[in-house]
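Down below is the structure, laid out as structure tokens.
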Amino acid sequence: MWMLLVSVAGAEPCEVLIDAEAWRWQLQRAAEQLSGRNIAGGQATLNSAKNRATCLATRADPADLALLARLEAVSAFFKQELDQVDDWSKLAAITAPMSEYPGWLNAQHPVRSYLDRPPPGWSGWPEQSVAAPKKGGVFLNGVWLDRPLFPTSTPCLIQILNKSGERVDAWWQHGAAAPPGQLEPIDEVAERPRFYEGPAISERAG
């Protein structure tokens, strides 16, 4: 049986939680460095931003995650890790494809041929729901995970938020490969968190 159990008691602590504005500033800094050919500095800033995403105090903005994914694709291109270029491009395409690109990441940039590809497909268990904290929710790349559906071959940010929309736990995973003992599909209908008014994953994947 595929197990994905919400483990509130075992949540990984963050020494310092980061707010969305501070995280967005770090992403913009990474973009500036990569655009200015400070590749090493940009990659270091970007790696820090990726790691700190799991310590966001509240839900990640899909547009911010799309920017992170595009920058990760650029970083991977400089390292000639083309499989990673493809994977991060898929995250950008599935998360917020209409969000604004940095001006320097234009149609002539070699990474755009990856970023402009169609979004990936979805896999998972469309007839089940996801266990979550009472009145809280589980979020996939900033979107409410009402059903255990995941984009294939794509890095994913999973966030578990309480009824106030505050962080309980978070991690990065690849596709549906969640850490053992973290989430559990259930047959009950998922209840939309009151603090969230956006789309559900089942609507995106449909």
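It should be emphasised that the depicted structure is a prediction, and the values quoted were computed from it without experimental measurement.
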Practice item. Let me see the working for D61 and R24 under side-chain contact (heavy atoms from CB on, under 4.5 Å), right down to the final yes or no. Key: CA-CA 9 Å; D61 186 323; R24 189 172 297 122; 4.0 Å; yes
Point to revise | E203 and W144: CA distance, side-chain angles, deciding distance, side-chain contact (heavy atoms from CB on, under 4.5 Å) verdict | key: CA-CA 10 Å; E203 297 167 354; W144 177 44; over 6 Å; no
Exercise for review: Output, in order, the C-alpha distance, side-chain angles, deciding distance and verdict of side chain to side chain donor-acceptor pair (under 3.5 Å) for E188 and S129.
Suggested key: CA-CA 6 Å; E188 302 172 6; S129 297; over 6 Å; no
Exercise for review: Quick one: do Q26 and R52 satisfy side chain to side chain donor-acceptor pair (under 3.5 Å)? Show the steps, please.
Suggested key: CA-CA 10 Å; Q26 190 173 23; R52 296 179 79 193; 3.2 Å; yes
**Study point:** Stepwise side-chain contact (heavy atoms from CB on, under 4.5 Å) check, H109 with V74
**Key:** CA-CA 9 Å; H109 197 286; V74 171; 4.2 Å; yes
Review point. Passes side-chain contact (heavy atoms from CB on, under 4.5 Å), L105 versus L115? Steps please.
Key: CA-CA 10 Å; L105 193 50; L115 293 171; 3.8 Å; yes
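Atom CH2 of W172 is surrounded by more than 12 heavy atoms from other residues, nucleotides or ligands within 6.0 Å. Residue-environment remark: NZ (K163) stays at or below the threshold of 12 foreign heavy atoms within 6.0 Å. Within 6.0 Å of CZ on R117 lie more than 12 heavy atoms contributed by other residues, nucleotides or ligands. In the displayed structure, Q80 atom CD is contacted under 6.0 Å by more than 12 heavy atoms of other residues, nucleotides or ligands. The environment of E191 atom CD is sparse: at most 12 non-hydrogen atoms of other residues, nucleotides or ligands sit within 6.0 angstrom.
Between the side chain of Q159 and the backbone N or O of A60, at least one donor-acceptor pair lies under 3.5 Å. In this structure a side-chain-to-backbone donor-acceptor pair under 3.5 Å is missing from Q84 to E81.
Contact record, C156 with G175: SG-O, 4.0 Å, taken as the closest heavy-atom pair. Considering every non-hydrogen atom in both P62 and A96, the closest pair reads O-CB, 3.7 Å. For the pair R192 and G198, the tightest heavy-atom approach, listed with the atom from each and the gap, is NH1-O, 2.6 Å. The two residues A93 and P119 make their nearest non-hydrogen contact at CB-CA, 3.9 Å. Nearest approach of P199 to V143, heavy atoms of both residues: O-CG1, 3.3 Å. Smallest separation of non-hydrogen atoms from W23 and A53: CZ2-CB, 3.6 Å.
Taking the ring centre of Y114 as origin, the terminal cationic atom of R112 falls outside the region bounded by 6.0 Å and 45° from the ring axis. Both tests pass for R70 against the ring of Y101: distance under 6.0 Å to the centre and angle within 45° of the axis.
For the atom pair OG1 of T154 and CG of N141, the computed distance is 8.5 Å after rounding to the nearest 0.5 Å. For the atom pair CZ of R194 and OG of S164, the computed distance is 11.5 Å after rounding to the nearest 0.5 Å. Of the inter-residue distances, the one linking I158 atom CD1 with F139 atom CZ reads 11.0 Å to the nearest 0.5 angstrom. With values rounded to the nearest 0.5 angstrom, L71 atom CG is found 13.5 Å from K50 atom NZ. One distance of note links OG of S89 with CD1 of I94; it measures 12.5 Å at 0.5 Å rounding. Residue T95 holds its OG1 atom at 13.0 Å from NZ of K90, rounded to the nearest 0.5 Å.
Looking at heavy atoms from C-beta onward, H174 lies in side-chain contact with D87 at the 4.5 angstrom threshold. The closest side-chain heavy-atom distance from P133 to I160 is below 4.5 Å. Contact check for L157 versus T54: side-chain heavy atoms found under the 4.5 Å cut-off. Side-chain atoms of L161 and R59, non-hydrogen and from C-beta on, do get closer than 4.5 Å to each other. At least one side-chain heavy atom of Q28 sits less than 4.5 Å from a side-chain heavy atom of L67. Side-chain contact between L56 and R167 is absent, with no heavy-atom pair separated by less than 4.5 Å. Residues Q173 and F150 meet the side-chain proximity criterion, which asks for heavy atoms closer than 4.5 Å. Residues L46 and Q43 form no side-chain contact, since every pair of their non-hydrogen atoms from C-beta on lies 4.5 Å or further apart.
Hydrophobic clustering (ILVMFWY, side-chain heavy atoms < 4.5 Å, transitive): I18 and W25 are in distinct clusters. Residues W171 and L17 do not share a hydrophobic cluster, defined by chaining ILVMFWY side chains whose heavy atoms lie under 4.5 Å apart. Linking Ile, Leu, Val, Met, Phe, Trp and Tyr whenever their side-chain heavy atoms come within less than 4.5 Å leaves V138 and I186 in two separate clusters.
Under 3.5 Å, the side chains of E166 and T58 contain no donor-acceptor pair of N or O atoms. A side-chain N or O of T45 and one of Q33 form a donor-acceptor pair less than 3.5 Å apart.
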